[in-house]
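The structure appears below as structure tokens.
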Amino acid sequence: DVKFGGIARNFYHIVLTNHTYVTGGNSEGEYFGPSGKLNDRIKGNTTETCNTYNMLKLNRALFSFEPRAELADYYERALWNHILASQNPEDGRVLYFLTLKQGAQKQFMAEHDFTCCSGTGMENPARYGENIYMHSADTLWVNQFIASELNWAEKGLPGTPLARYLGL
């Protein structure tokens with residue numbers, strides 16, 4: 001729908017340009033503050049993981065309608081700098097907020113804690129490969145340089161390692 005597509009693009013643009021930190025995350029304690037005033041909100045609860053997760057879902061939808069390099073760039077930045085950083089590599093626990101406060105440490109949730117971010121934190125690993133490739137009828141976009149295989153049977157490329165497809 002044209003109307004709702006415009007609303008989605010406008011919301012995405014506002015969040016990205018006025019409420020998003022370099023990591024790709026946004027918010028302080030689950031809220032947006034005054035537009036463009038990010039420095040005033042760098043505290044312990046900066047950048048909620050669910051917000052970034054939802055921005056990536058919106059990003060993917062927007063890219064499917066209008067593939068643009070800046071959309072792929074944001075996806076990569078937020079995935080690598082926020083979402084991947086939100087999971088403890090030792091035991092798989094996740095965090096609610098990826099704090100940007102100077103000198104702060106990550107606070108992973110306890111084993112039996114549950115918040116919205118623990119739910120999306122469990123879902124995130126299943127989505128890591130979701131945006132590596134996107135395509136239209138005759139165009140392939142490589143959005144993430146991640147070890148993977150390209151399975152695009154319609155173009156005769158089943159199980160092709162990315163490096164071989166790109167001639168590397």
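Quick caveat: nothing in here was measured; it's all calculated off a predicted structure.
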To the nearest 0.5 Å, what is the distance between [atom1] on [X] and [atom2] on [Y]?
| X | Y | atom1 | atom2 | answer |
| --- | --- | --- | --- | --- |
| Thr20 | Asn26 | OG1 | CG | 4.5 Å |
| Glu123 | Tyr128 | CD | OH | 11.0 Å |
| Leu56 | Glu76 | CG | CD | 11.5 Å |
| His19 | Leu38 | NE2 | CG | 8.0 Å |
| Asn143 | Asn131 | CG | CG | 5.0 Å |
| Phe114 | Met122 | CZ | CE | 5.0 Å |

If hydrophobic clusters are built from ILVMFWY residues whose side chains come within less than 4.5 Å, do [X] and [Y] share one?
| X | Y | result |
| --- | --- | --- |
| Leu62 | Ile83 | yes |
| Phe97 | Ile42 | no |
| Leu71 | Trp80 | yes |

Test: Asp1 and Lys3 ion pair at under 4.0 Å: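 Answer for the salt bridge query: no.
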Chi angles and distances behind the side-chain contact (heavy atoms from CB on, under 4.5 Å) call for Thr115, Met109: CA-CA 9 Å; Thr115 68; Met109 289 183 240; 3.4 Å; yes
Would you check if [X] and [Y] make a side-chain contact, meaning some heavy-atom pair closer than 4.5 Å?
| X | Y | value |
| --- | --- | --- |
| Tyr53 | Asn124 | yes |
| Arg60 | Met134 | yes |
| Leu79 | Gln144 | yes |

Candidate pair Ser118 and Val94, rule side-chain contact (heavy atoms from CB on, under 4.5 Å), full reasoning: CA-CA 6 Å; Ser118 54; Val94 296; 4.1 Å; yes
Side-chain hydrophobic cluster, 4.5 Å single linkage: members besides Phe4: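 So far as hydrophobic clustering goes, Phe4 is joined with Ile7.
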Work out which heavy atom in [X] is nearest to a heavy atom in [Y]; give both atom names and the distance.
| X | Y | value |
| --- | --- | --- |
| Phe32 | Asn51 | CE2-ND2, 4.4 Å |
| Gly25 | Thr52 | CA-OG1, 3.3 Å |
| Cys50 | Thr120 | SG-OG1, 3.4 Å |
| Trp152 | Asp138 | CH2-C, 4.4 Å |
| Glu48 | Cys116 | OE2-SG, 3.4 Å |

Trp141 ring center within less than 6.0 Å of His135 ring center: no
Step-by-step side-chain contact (heavy atoms from CB on, under 4.5 Å) determination, Tyr74 to Met55: CA-CA 9 Å; Tyr74 171 76; Met55 284 293 287; 3.5 Å; yes
Distance-only polar pair, side chains of Tyr133 and Ser148, donor-acceptor under 3.5 Å: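 There is such a pair (donor and acceptor under 3.5 Å, judged by atom type) between the side chains of Tyr133 and Ser148.
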Donor on one side chain, acceptor on other, Thr23 and Asn81, under 3.5 Å: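 Asn81 and Thr23 do not have a side-chain donor-acceptor pair below 3.5 Å.
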Atom CD of Glu90: over 12 foreign heavy atoms under 6.0 Å: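 Counting other residues, nucleotides and ligands, CD of Glu90 stays at 12 neighbours or fewer.
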From CA spacing to verdict: side-chain contact (heavy atoms from CB on, under 4.5 Å), Phe145, Val142: CA-CA 7 Å; Phe145 287 100; Val142 181; 3.9 Å; yes
Side-chain donor or acceptor of Lys106 paired with backbone N/O of Ala85 under 3.5 Å: yes
Residue list, side chain to side chain contact (heavy atoms under 4.5 Å, CB included) with Glu28, at least two apart or on another chain: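 Once residues adjacent in sequence are excluded, the partners of Glu28 under the side chain to side chain contact (heavy atoms under 4.5 Å, CB included) criterion are Arg41, Lys43, Asn45, Thr46.
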Atom pairs and distances, side-chain donor-acceptor, residues 8-17, under 3.5 Å, sequence neighbours left out:
unit_1	atom_1	unit_2	atom_2	d
Arg9	NH1	Gly5	O	3.4
Tyr12	OH	Asn59	ND2	2.7
Thr17	OG1	His13	O	2.7

